[in-house]
Amino acid sequence: MYDLRFLRDNLDSTREQLGPRGADVPWDNLRTLIEQRRALTTQVEQRRAELKKGSEDVAKLKREKQPADAAMAAMKAVGEQIKTIEDELRGAEEALTDLNLRIPNLPHASVPAGKNESSNVEARRWGTPPTLTAPAKSHWDLGEALGILDFDRAAKIAGARFAVLTGAGARLERALINYMLDLHTTEHGYREVLPPLLVNRTSMTATGQLPKFEEDLFRLRDEDYFLIPTAEVPVTNLHRDEILAETSLPIRYTAYTPCFRREAGSYGKDTRGLIRLHQFNKVELVVFAKPEQSYEELERLTGHAEAILQGLGLHYRVITLCTGDMGFSAAKTYDIEVWLPSQNHFREISSCSNFEGFQARRGGIRYKGPAGKKDAKTEFVHTLNGSGLAVGRTLVAILENYQQPDGSITIPDVLRPYMGGLERIHNE
RNA sequence: GGAGAGGUGGCCGAGUGGCCGAAGGCAACGGUUUGCUAAACCGUCGUAGGGGCAAAACCCUUACCGAGGGUUCAAAUCCCUCCCUCUCCGCCA
């Protein structure tokens, strides 16, 4: 969503900068609606001023015990005109808002141009692939053989794209969640949040999932609630319609939540294993920052996600997404991809984005200097978030990268305290 | 789920049809006073849309008293619907 005055003054340059991202925006219609809204607003305000004045005159006449019938009749006519114009104005505003909510964010100047993922740019790489003495097995083969992953029973109780973790598998998932939360809260300065997993339509609209991507979400049948696809939604909405104190920024939150995604349109992709599920666990990082500090915060936040992989000793690379591969709301995104030996390539395990003021405008998230100060302006904050990390995919990476020739899994040192000292997962 | 009470500016709180965008208090900010702190006193102190202008300052104007409709010349105030909070009862982890 864009500021209307900005959009009016910069419609052509916005269209140009969005390029293919803005292909399905009806630009001419948008221009017409903006002008229409402005013209109708002026009209209705003039009439309202007239009505206000007229009504005051009526009050005065009545106080002086003078007849007021003529003035009242005249104002009745003005009132009817106002209603007519208001209806038109409301229609224009609704159409305009609906269009405005469907325009993607402008990419930051540092984002490489490109149509699709082939134009993404690798920023850096950390570590090396593990040296395996036997051909790498997939995490689903390893996990099922160890008796810690059960896809058949998951399909029975829920359906495709669900998983059951058991025994050391379940404990490893829990260990990862705790390891991530502990690192972020004690070393990286985040405040832990445990939010609702169901949110309302307004919250989904603020972060950008709605109105455009409703088919990606699970929705309740009897009430207008949605299952969160990421903790970004409830945590960013924590400060919706608030004015934050400038001194409180940056605000950093971390949250563990399950995430729910319909994965409509991904039929046939990643059908096996834990990579793409309808329900998965994620530890999320969310930051509210002042505009001038937000890109510095993006680097920092990405580093915090990387620190998890480094602690686990997992080989990864960081990718700067090009304009064509970024999500709807992002101005700049880094993807972190972890090495998976069985697939012999990197897979996304985290996505870290700066949304600049895009979500803040949709959700009315602002900040202000000290109250009463003359130069204290109210401005939209910048919001950022990143996975720190996707827990299921991290478990996949551990199974595959730490697999032994006998099919057992060595547990990374940092997780052992969370596993009751367990050093290796054997067949149960 | 049943019964009742209520939602007013950062907070508290007055206001039941007409100069009410809203008294008063607290907090905050600026200042005077002060050895320092405190107190006292003076002043400032909401958000947004449109216009004056290309912008800032400033000025004009409109809207906003939970949200949306309605009645009326005129609505914080009356009516309807919805949302939320609180209390009691029921149910429940």
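A, B, ... follow the sequence lines: proteins, then strands. Residue 1 opens every chain.
- Here Tyr253(A) and His239(A) bring their ring centres to under 6.0 angstrom of each other.
- When the nucleotides G50(B), A74(B), A63(B) are ranked by their closest atom to the side chain of Arg48(A), A63(B) comes out on top.
- Here Lys83(A) lies in heavy-atom contact (under 4.0 Å) with sugar-phosphate atoms only.
- By the 4.0 Å N-to-carboxylate-O rule, Asp270(A) lies too far from Arg161(A) to be salt-bridged with it.
- When the P atom is used for both U77(B) and G70(B), the distance is 14 Å, rounded to whole Å.
- One can place CG of Leu40(A) at 18 Å from P of G49(B), the figure rounded to the nearest angstrom.
- The side chain of Glu45(A) approaches G49(B) more closely than any other nucleotide in the set C73(B), U47(B), G49(B).
- Rounding to whole angstrom units, CG of residue Asp241(A) and P of G9(B) are separated by 14 Å.
- G9(B) and G46(B) have their C1' atoms separated by 6 Å, given to the nearest Å.
- Ile243(A) has its CD1 atom 11 Å from the P atom of C11(B), to the nearest Å.
- Projected onto RNA chain B by closest heavy-atom contact, Glu93(A) and Ala59(A) fall at different nucleotides, the more 5' of which corresponds to Ala59(A).
- The same atom, P, is picked in G18(B) and in C78(B); the two are 11 Å apart, to the nearest Å.
- Taking the P atom of each, G43(B) and C36(B) are spaced 24 Å apart, rounded to whole Å.
- Residues Phe218(A) and His278(A) bring their aromatic ring centres within 6.0 Å.
- Following rounding to the nearest Å, Ile85(A) (CD1) and G49(B) (C1') show an atom-to-atom distance of 16 Å.
- Between Asp57(A) atom CG and C19(B) atom C1' the separation is 12 Å, expressed in whole Å.
- Residue Ala71(A) is classed as having no contact, given no heavy-atom separation below 4.0 Å to the nucleic acid.
- Between the C1' atoms of C45(B) and U33(B), the separation comes to 22 Å (whole Å).
- In this structure, CZ of Phe6(A) is placed 15 Å from C1' of A55(B), rounded to the nearest angstrom.
- Heavy-atom contacts from other residues, nucleotides or ligands closer than 6.0 Å to CZ of Arg5(A) number 12 or fewer.
- A gap of 31 Å separates the C1' atoms of A57(B) and C65(B), to the nearest Å.
- Applying the 4.0 Å criterion to OP1 and OP2 of C19(B), one finds that Arg63(A) has every side-chain N and O outside that range.
- Remark: aromatic rings of His108(A) and Tyr295(A) are close, center separation under 6.0 Å.
- Taking the C1' atom of each, G21(B) and U61(B) are spaced 14 Å apart, rounded to whole Å.
- More than 12 non-hydrogen atoms from other residues, nucleotides or ligands lie less than 6.0 angstrom from CD of Glu64(A).
- Looking at the side chain of Ala49(A), the nearest of the listed nucleotides G18(B), C84(B), U61(B) is U61(B).
- Residue contacts shown for Arg47(A) are absent, as no nucleic acid heavy atom lies under 4.0 Å away.
- If you measure from atom CG of Leu51(A) to atom P of U71(B), you get 14 Å, rounded to the nearest angstrom.
- Nucleotides G13(B) and G6(B), compared at atom C1', are 14 Å apart to the nearest Å.
- Nucleic acid contact for Lys52(A): sugar-phosphate only, since backbone atoms but no base atoms lie under 4.0 Å from a heavy atom of the residue.
- Between Arg5(A) and the phosphate of A55(B), there is no side-chain N or O to OP1/OP2 separation shorter than 4.0 Å.
- Look at OH on Tyr367(A): it is 14 Å from P on U47(B), rounded to the nearest Å.
- With respect to Tyr418(A), the side-chain contact (heavy atoms from CB on, under 4.5 Å) criterion is satisfied by exactly one of Asn178(A), Ile411(A), Ile177(A): Asn178(A).
- If you look at Phe213(A) and Phe328(A), their ring centroids are closer than 6.0 Å.
- Contact between the side-chain N/O atoms of Thr41(A) and the OP1/OP2 oxygens of U62(B) is not found at any separation under 4.0 Å.
- Each of Thr42(A) and Asp9(A) has a nearest nucleotide on RNA chain B; the 5'-most of these lies closest to Thr42(A).
- The nucleotide whose nearest atom lies closest to any side-chain atom of Ser55(A) is, among G18(B), U47(B), U72(B), G18(B).
- Side-chain contact between Asp216(A) and Gln209(A): absent, with no pair of heavy atoms (C-beta onward) separated by less than 4.5 Å.
- For RNA chain B, if you chain together Watson-Crick or G-U pairs that step i with j, i+1 with j-1 and so on, the runs of at least three with distances under 3.5 Å are B:1-7 with B:83-89, B:10-12 with B:24-26, B:28-32 with B:40-44, B:46-52 with B:58-64, B:66-70 with B:78-82.
- Residue contacts for Met75(A): at a heavy-atom cut-off of 4.0 Å it reaches the sugar-phosphate backbone alone, with no base atom in range.
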